[in-house]
Amino acid sequence: MSVLPTIPALTDFSVRLIAWQRQHGRHDLPWQNTRDAYRIWLSEIMLQQTQVSTVIPYYTRFLARFPDVASLAAAPADDVMALWAGLGYYSRARNLHRCAQGVVEQHGGVFPASVEALAELPGIGRSTAAAIASFAFGARATILDGNVKRVLARVFGVEGFPGEKRVENAMWVLAESLLPSNATNEAVVAYTQGLMDLGATLCVRGRPDCARCPFAADCVANVTGRQRELPAARPKKAVPTRRTWMLVLRDGNSVMLEKRPPSGIWGGLWSLPEAADEAALAQRARALGASAAVSPLAPLTHTFTHFRLDIEPRIVELNRVAGAHAALADGETAWVALSDIDAYGVPAPVRKLLDGLQGSLL
DNA sequence: GAAACGTGGCC
DNA sequence: TGGCCAAGTTT
């Protein structure tokens with residue numbers, strides 16, 4: 001059974017959306033008003049599952065450090081991770097780096113213009129490929145992000161949770177059918193931006209501003225008063241809790257960091273040595289050269305999308321006599337001054353923990 | 001095709 | 001306070 005109801009007579013969807021975007025859309029975001037595929041690509045990757053206000057300072061810093069794809073491709077992975085630290089979903093940063101290298105090595109340093117070629121690069125899926133292709137090259141290709149799903153679900157009354165494959169497939173078909181025909185490059189840009197702008201500024205989740213919407217008269221959700229029910233909410237799932245012990249091994253102003261494996265949570269970032277319980281942490285502390293007693297710091301809780309992490313931090317002084325800065329850990333380790341943490345890619349809660357330490361010690 | 005993957009803002 | 005989710009992709 002199709003999830004699509006009868007589509008209302010909205011034959012001029014793209015025309016109305018483009019007109020609305022030109023008059024009421026956003027035109028001054030840092031990654032707009034350029035056709036530089038590198039800048040557009042960088043913004044699209046950062047904006048995956050991340051809001052505009054969060055991205056802007058990261059985007060600015062990143063671009064200042066890596067102004068083009070060649071400089072990014074040539075950078076050490078650790079530098080890329082450090083600039084990404086705090087933004088989350090770190091596989092994006094690893095794929096971003098690999099993608100830059102792919103563009104340099106396989107495409108002569110120039111981003112390919114087709115959706116198909118773009119989607120073969122690491123970190124670029126169907127929606128991001130369409131966004132890059134339309135913004136940078138004026139290609140007629142539809143995006144389908146959270147904004148578009150919300151707009152389509154409401155305007156056309158699409159039932160079902162959009163994260164479900166069956167519903168998402170139907171939305172891709174619908175989105176494709178709505179693309180403007182015979183549009184100039186500039187109109188394509190306005191259309192794609194309009195989809196995002198409408199969802200981000202008017203057709204928001206909480207209190208949509210239907211009075212200002214160009215589709216108010218035709219919108220299924222508005223006409224039937226079902227704005228709160230569309231799109232359908234994600235099915236609820238119990239969020240499991242994990243618990244970990246983290247070691248602040250301190251030597252004066254410096255602490256020991258340990259590089260995390262490339263996959264899994266905080267993959268590729270630098271973090272504190274961890275253990276599964278109190279005894280194991282004390283054992284690790286001794287193995288790393290600490291002889292003093294391990295002291296508790298204030299516990300903290302970090303909430304991810306799919307689980308909750310209770311962190312039990314412990315602090316201990318390094319016993320220099322036992323061998324200063326001996327790297328007895330299994331993986332890669334580094335001694336880092338508390339004032340120099342920014343140079344390393346450190347997970348947000350660990351960063352907070354260490355920031356607090358810097359203020360209270362000495 | 002479901003689960004994994006971060007963080008911060010909003011109500 | 002805590003649930004919900006945002007310019008999705010990969011495994």
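Heavy atoms only: backbone and side chains are in, while hydrogens, waters and symmetry mates are out. Everything numeric in this text was worked out from a predicted model, so none of it was measured. Naming: A, B, ... by sequence-line order, numbering from 1 per chain.
- Within the nucleic acid shown, A:G163 has no heavy atom closer than 4.0 Å to any nucleic acid atom.
- With C:dT9, C:dC4, B:dA4 as the choices, the nucleotide that has an atom nearest any side-chain atom of A:S127 turns out to be C:dT9.
- Atom P of C:dT9 sits at a distance of 23 Å from the matching atom of B:dG8, rounded to the whole Å.
- As a whole-Å value, the separation of A:F307 CZ from B:dA4 C1' is 9 Å.
- Residue contacts for A:Q193: at a heavy-atom cut-off of 4.0 Å it reaches a base atom on one of the strands shown.
- Between A:K165 atom NZ and B:dA2 atom P the separation is 9 Å, expressed in whole Å.
- As rounded to whole Å, 15 Å separates atom C1' of B:dA4 from atom CH2 of A:W266.
- Across all strands, A:W31 comes closer than 4.0 Å to base atoms (heavy-atom distances).
- Rounded to whole Å, the distance from CD1 on A:I56 to P on B:dT7 is 20 Å.
- For A:A348, taking side-chain heavy atoms from C-beta onward, the closest of the listed nucleotides C:dT9, B:dT7, C:dC4 is B:dT7.
- The pair A:E168-A:R126 does not count as a salt bridge, with every side-chain nitrogen at least 4.0 angstrom from each carboxylate oxygen.
- The CD1-P distance, from A:I311 to B:dG6, rounds to 14 Å in whole Å.
- Between A:Q48 and C:dG8 there is no side-chain polar atom (N or O) within less than 4.0 angstrom of OP1 or OP2.
- Counting any heavy atom pair closer than 4.0 Å across all strands shown, A:G123 reaches sugar-phosphate atoms only and no base atom.
- For A:R212, the CZ atom is loosely surrounded, since the number of other residues' heavy atoms within 6.0 Å does not exceed 12.
- Here A:L29 lies in heavy-atom contact (under 4.0 Å) with a base.
- Side-chain atoms of A:P30 and A:I56, non-hydrogen and from C-beta on, do get closer than 4.5 Å to each other.
- Using a 4.0 Å heavy-atom criterion, one finds that A:K149 contacts no nucleic acid atom at all.
- Annotation: side chain of A:R314 is in contact with side chain of A:E278 (closest heavy-atom distance under 4.5 Å).
- A donor-acceptor contact under 3.5 Å is formed by the side chain of A:T50 with the base of B:dG6.
- Between A:L357 and A:L297, some side-chain heavy-atom pair lies under the 4.5 Å cut-off.
- In this structure, the nucleotide among B:dT7, C:dG8, B:dA4 sitting nearest to the side chain of A:H306 is B:dA4.
- The aromatic rings of A:W266 and A:F304 sit tilted relative to each other, their planes meeting at an angle between 30° and 60°.
- For the pair A:Y90 and B:dT7, the criterion of a side-chain N or O lying under 4.0 Å from OP1 or OP2 is met.
- Nucleic acid contact class of A:T128 (heavy atoms, under 4.0 Å, all strands): sugar-phosphate only.
- Side-chain heavy atoms closer than 4.5 Å link hydrophobic residues (I, L, V, M, F, W, Y) into clusters, and following such links, even through other members, never connects A:Y89 to A:I45.
- With distances taken from any side-chain atom of A:K236 to the nucleotides B:dC5, C:dC4, B:dG1, the minimum falls on C:dC4.
- Between B:dC5, B:dT7, C:dA6, one nucleotide has an atom nearer to the side chain of A:H302 than all others, and that is B:dT7.
- Along DNA chain C, the nucleotide closest to A:N95 and the one closest to A:T305 are compared, and the more 5′ of them pairs with A:T305.
- Rounded to an integer number of Å, the gap from A:M46 CE to C:dA6 C1' is 16 Å.
- Contacts of A:R205 with the nucleic acid, taken as non-hydrogen atoms under 4.0 Å apart, include base atoms.
- Checking A:V346 against A:N169, the closest nucleotide of DNA chain B that is more toward the 5' end is the one next to A:N169.
- Distance CZ (A:R92) to C1' (B:dA4): 14 Å, rounded to an integer number of Å.
- For the pair A:R308 CZ and C:dG3 P, the interatomic distance rounds to 9 Å; values are reported in whole Å.
- Contacts of A:G86 with the nucleic acid, taken as non-hydrogen atoms under 4.0 Å apart, involve only primed sugar atoms and P, OP1 or OP2.
- Within the 4.0 angstrom heavy-atom criterion, no nucleotide atom of any strand lies near A:R207.
- Residue contacts for A:S53: at a heavy-atom cut-off of 4.0 Å it reaches no nucleic acid atom on any strand shown.
- Using modelled atom types, one side-chain atom of A:H97 and one backbone atom of A:A75 make a donor-acceptor pair closer than 3.5 Å.
- In the set B:dC5, B:dG1, C:dC4, B:dC5 carries the atom at the smallest distance from any side-chain atom of A:R242.
- Side-chain nitrogen and oxygen atoms of A:K237 include none within less than 4.0 Å of the OP1 or OP2 phosphate oxygen of B:dA4.
- OP1 and OP2 of B:dG6 both lie 4.0 Å or more from every side-chain N or O belonging to A:W84.
- The separation of C:dC5 from B:dA3, taken at their P atoms, amounts to 16 Å, rounded to a whole angstrom.
- Nucleic acid contact for A:I45: none, since no nucleic acid atom lies under 4.0 Å from a heavy atom of the residue.
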